[in-house]
Amino acid sequence: MVRFVVKFGGSNLKSAADIRRSTEVVRAYGCPVVVVVSAFAGITDRLIHAIGEVTLALSSIDAVIEALRRIHGDALIAHVTDAERRAAVLDVIEERLSGLDRLLRGVHYIGSAPDFVSDAVLACGERLSAPVIAAALIDLGIDAVEALPEDIGLLTDGVHGNATALTGASSAAVSAALGGDRTRVVPGFYGVGKDGKTTLFGRGGSDYTAAVIARCVGAASLDLWKDVDGFLSCDPRIASDSRTIPYLTYEEAAELSYFGAKIFHPRTVEPLEGDAIPVRVMNVTRFAGAIEPYTTVGPPLGEAAIDPRVIKSVASTDEVAVVRLEGPVVGSRPGILARATSRLDAAGVNISSVITAQTSINLIFRSQDLPRALAALQADATPGVLTVVPIEDVALVAAVGEGIRDRFGVAGRLMMAVASEGVNVLMMQAGASPTAVYLIVHRDDRERTARAIHDAV
Ligand code: ASP
Ligand code: MG
């Protein structure tokens, strides 16, 4: 049985030195593992950009393909000494590049990229990094082989751009395919729908791939190798005395990720909770031979383990926006919220949170979704809603810790800290989750607010 699923992100696959270190980490396990890889740093963004460019100019296709050929070819030269193996991997790369070329030509002639095509294009980053990493591992003496999601039966619900893995339906095939005593290298970020089409797990989705596989194979742990010291108590650019948090519950890690801590994909813990598979967050840049976690994420350790200070970490983000539905009776007239949310649902816009009162309903979105949300909400008049007001100049600051809702005085202390900084809190949400409280403040006040809370707790 494979005991560890080991994931490397794009930031671990930047330079030749990064790749070397990541492959050495795999060797340090000293046993067969499943390696899940992201695309090399910046490649997914480049592919997104390419989709935009090729709708305008056919000639841009050659430039993209050539750049990808060079980047992956250079990596092969740096990490694979055996000429025959290098040639074999180059063939694989060429074959995948010509598939990409065809997809991009399709995009050009159609004039846009339907969602199933853009998913196939974006997945190419991982489909190019995986064979290179597998070959580099062989160079280090590891018996490694690539395993593609479509070949191991990693099935999804078929939703393009934001798929969910069908863990139950995939388990038997995935664990059979990844069993045995070889190290497998799986490209992250996508699985296949029942129709065999590529479906992405959303940006940063390789963490989620790794989690799904860890669940399918019943791994002892999911090891996410990053280039930071795990989850911190605050962004070190905001609080210079921020510290690594050694242990987080699944829920705490999920809330922190949801509210802006960019350590892992917010859905990473979802497949793992049921079987209590821990996530260990490691730092490749500090690797010196030992497999040591900075933060471990797992089940709650019980009442006695809760620190009296409760709040473990403060996360914040500018990437939020609010749409306020105003009218004198919006809070008491039935159906208004239902109407708004069904329109947003139809437009495929996710609502991050809702805060309501008698005279206004505040819907909170990720800022990138604001234009679509606004368009959907303004599409036709809702009786009772007099104005639809977008509010962009805001930030969200969240405090996270198990027990935050149920322990006396925690929210009070937090508000005192913020008040003593003179910050005007525009909105606040407590109680929705037992582990998170968040504030909406002016964007200019974000750092001050986060620092004040961090200092106080
Ligand atoms: N390459 C994808 C992205 O950049 C997936 C990942 O890195 O996890 O979003
Ligand atoms: Mg990435």
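Only heavy atoms go into these numbers, but all of them, side chains included; no hydrogens, no water, no symmetry mates. Fair warning: this is a prediction, and the values are worked out from it, not measured in the lab. In listed order, ligands and their atoms are each counted from 1.
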Are any of the heavy atoms in [X] under 4.0 Å away from ligand 1?
X: G204; answer: yes
X: G188; answer: no
X: E126; answer: yes

request  = Please confirm whether K7 comes within less than 3.5 Å of ligand 1 when only nitrogen or oxygen atoms on both sides are compared.
outcome  =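 No.
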ask   = Between R203 and ligand 1, is there a nitrogen or oxygen pair with a distance under 3.5 Å?
value =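 Indeed, backbone or side chain, R203 has an N or O that close.
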So that I can tick it off, tell me whether [Y] and [X] are bridged by a salt bridge, with the cut-off set at under 4.0 angstrom between side-chain N and carboxylate O.
X: D119; Y: K197; result: no
X: D207; Y: K226; result: yes
X: R443; Y: E392; result: no
X: D45; Y: R203; result: yes
X: E150; Y: R127; result: yes

key: Atom indices of ligand 1 within 4.0 angstrom of T44 heavy atoms, with elements   =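 Counting from 1, the qualifying ligand atoms are 1 (N), 2 (C), 3 (C), 4 (O).
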query = S38 heavy atoms, cut-off 4.0 Å: which ligand 1 atoms fall inside?
reply =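 Ligand 1 atoms under the 4.0 Å threshold to S38: 6 (C), 7 (O), 8 (O).
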inquiry  = Once ring pair (Phe, Tyr, Trp, His ring centres under 6.0 Å) is applied, what residue pairs with a partner in residues 62-103 remain, sequence neighbours excluded?
reply    =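 Matches after skipping sequence neighbours: F40-H72.
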